[in-house]
Amino acid sequence: MLLINRALRLLDRHYGDLKWWPGDTPFEIMAGAILTQNTAWSNVEKAIRSLKAARLLSLPAMRRAGPASIARCIRPSGYYNQKALKLKALVGFLDREYGGSISRMRAGRTGLLREQLLTVRGVGPETADSMLCYALDKPVFVVDAYTRRIFGRLGVLRGDEDYEEVRGLFESAIKSYIIGDGGGQRDGLQKLLNQYHACIVMAGKDFCRKRSPACASCPLRRLKRCRW
DNA sequence: GCCCAGGTGGGTA
DNA sequence: TACCCACATGGG
């Protein structure tokens with residue numbers, strides 16, 4: 001618990017306010033959350049550029065487009081046939097449940113939204129939480145491969161915990177550090193959960209790759225239990 | 001050429 | 001429940 005917060009604060013100080021997620025609109029963020037599944041972000045950027053060039057990166061445009069034309073654009077992100085179907089499934093869900101309005105969806109309760117998202121084909125826990133946190137501004141912590149790798153190396157995680165277990169651990173650790181009152185507290189929590197996961201991704205990319213970790217300049221290097 | 005990258009869903013024992 | 005496997009491209 002303590003180690004989690006110490007590590008997150010070190011990363012936060014190192015990176016400053018990251019203002020995540022990279023994306024111009026909530027819909028783009030949701031689409032990006034699907035496109036980045038098991039894929040390097042540099043490849044997702046190519047797919048997003050291509051969708052924009054084809055004017056397909058909006059809910060109405062994607063509603064009209066067929067899976068094949070979406071798949072052509074997102075080819076660089078890998079799994080393009082699967083992901084095209086997933087994007088269509090997301091649009092179908094938004095249309096069916098929220099009349100195609102993400103701002104209407106934003107008014108829903110976090111727990112309900114999460115349950116709903118998990119029923120969408122191709123939306124698992126990490127993708128759902130990315131959407132909740134970064135497209136809908138809900139107070140949710142996103143657990144990803146970087147979280148598991150970094151905190152595995154810090155000895156916080158064994159490696160066999162399931163997604164919910166890790167999420168619960170981090171959310172309660174971060175909550176325990178929040179001080180303040182009422183709405184401000186809730187807003188502060190959302191911002192912290194957002195920022196901390198962003199920091200983890202940056203640190204994962206910069207210092208915690210499976211190959212060639214840049215350990216010497218890692219902000220976590222001084223934590224006693226950090227082992228590469 | 002081989003390994004890896006911000007997962008998910010389906011199948012089998 | 002606990003593993004396998006398919007899905008696929010681009011960079012190091």
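Quick caveat, the model's predicted, so the values are computed rather than measured. Proteins get letters first, then strands, A, B, ... in listed order; numbering begins at 1 in each.
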Parallel, tilted or perpendicular, as decided by the 30° and 60° cut-offs, for the rings of A:Tyr98 and A:Phe93: perpendicular
Distance below 4.0 Å between A:Tyr80 side-chain N/O and C:dT9 OP1 or OP2: yes
Minimum-distance pair of heavy atoms, taken over all atoms of A:Phe151 and A:Ile200: CE1-CD1, 3.8 Å
Rounded distance (Å) that lies between atom C1' of C:dG10 and atom OH of A:Tyr79: 12 Å
Length of the CZ-P vector between A:Arg209 and C:dG11, whole Å: 13 Å
Those residues that, when tested against A:Leu94, pass side-chain contact (heavy atoms from CB on, under 4.5 Å) (two or more places apart): A:Phe27, A:Met30, A:Leu59, A:Leu90, A:Ile102, A:Met105
Paired and unpaired positions of DNA chain C as dot-bracket, Watson-Crick or G-U wobble under 3.5 Å, | denoting a partner strand: |||||||.||||
A:Lys52 and A:Asp24 ion-paired at < 4.0 Å: yes
Contacts of A:Glu161 that satisfy salt bridge (Lys or Arg N to Asp or Glu O under 4.0 Å) - sequence neighbours left out: A:Arg158
P spacing across the pair B:dC3 / C:dA6, given as an integer number of angstrom: 16 Å
Partner residues of A:Asn81 under the side-chain contact (heavy atoms from CB on, under 4.5 Å) criterion, sequence neighbours left out: A:Ala71
Residue whose nearest DNA chain C nucleotide is more 5′ - A:Gln82 or A:Lys46: A:Gln82
C:dG10 and B:dT8, which share atom name P, separated by this distance in whole Å: 22 Å
Partner set under salt bridge (Lys or Arg N to Asp or Glu O under 4.0 Å) for A:Arg75, not counting sequence neighbours: none
Euclidean distance, atom CG of residue A:Leu85 to atom P of C:dA8 [Å, nearest integer]: 9 Å
Rounded interatomic separation in angstrom, taking CG from A:Leu90 and P from B:dG7: 18 Å
A:Asn81 side chain near C:dA8 phosphate (N/O to OP1/OP2, under 4.0 Å): yes
Per-nucleotide protein contact string for nucleotides 8-13 of chain B (B base, S sugar-phosphate only, - none; heavy atom under 4.0 Å): SSS---
Results of ring-ring contact (aromatic ring centres under 6.0 Å, His included) for A:Tyr196 - residues two or more places apart only: none
ring-ring contact (aromatic ring centres under 6.0 Å, His included) partners for A:Phe141, two or more places apart: A:Phe170
Atom pair distance, as rounded to whole Å: CG in A:Asp206 and C1' in B:dA5: 15 Å
Those residues that, when tested against A:Arg109, pass side-chain contact (heavy atoms from CB on, under 4.5 Å) (two or more places apart): A:Leu112
Rounded interatomic separation in angstrom, taking CE from A:Met131 and C1' from B:dG7: 12 Å
For DNA chain C, the residues among residues 66-77 of chain A that have a non-hydrogen atom under 4.0 Å from it: A:Arg75, A:Pro76
Sugar-phosphate, base or nothing in reach of A:Arg148, heavy atoms under 4.0 Å: nothing
Nearest-Å distance for atom pair CD1/C1', residues A:Ile34 and C:dA8: 17 Å
side-chain contact (heavy atoms from CB on, under 4.5 Å) involving A:Ala33 - partner list, sequence neighbours excluded: A:Trp21, A:Thr127, A:Ser130, A:Met131
Salt bridge (Lys or Arg N to Asp or Glu O under 4.0 Å) against A:Arg121, all qualifying residues, sequence neighbours excluded: none
Euclidean distance, atom CG of residue A:Asp144 to atom C1' of B:dC4 [Å, nearest integer]: 15 Å
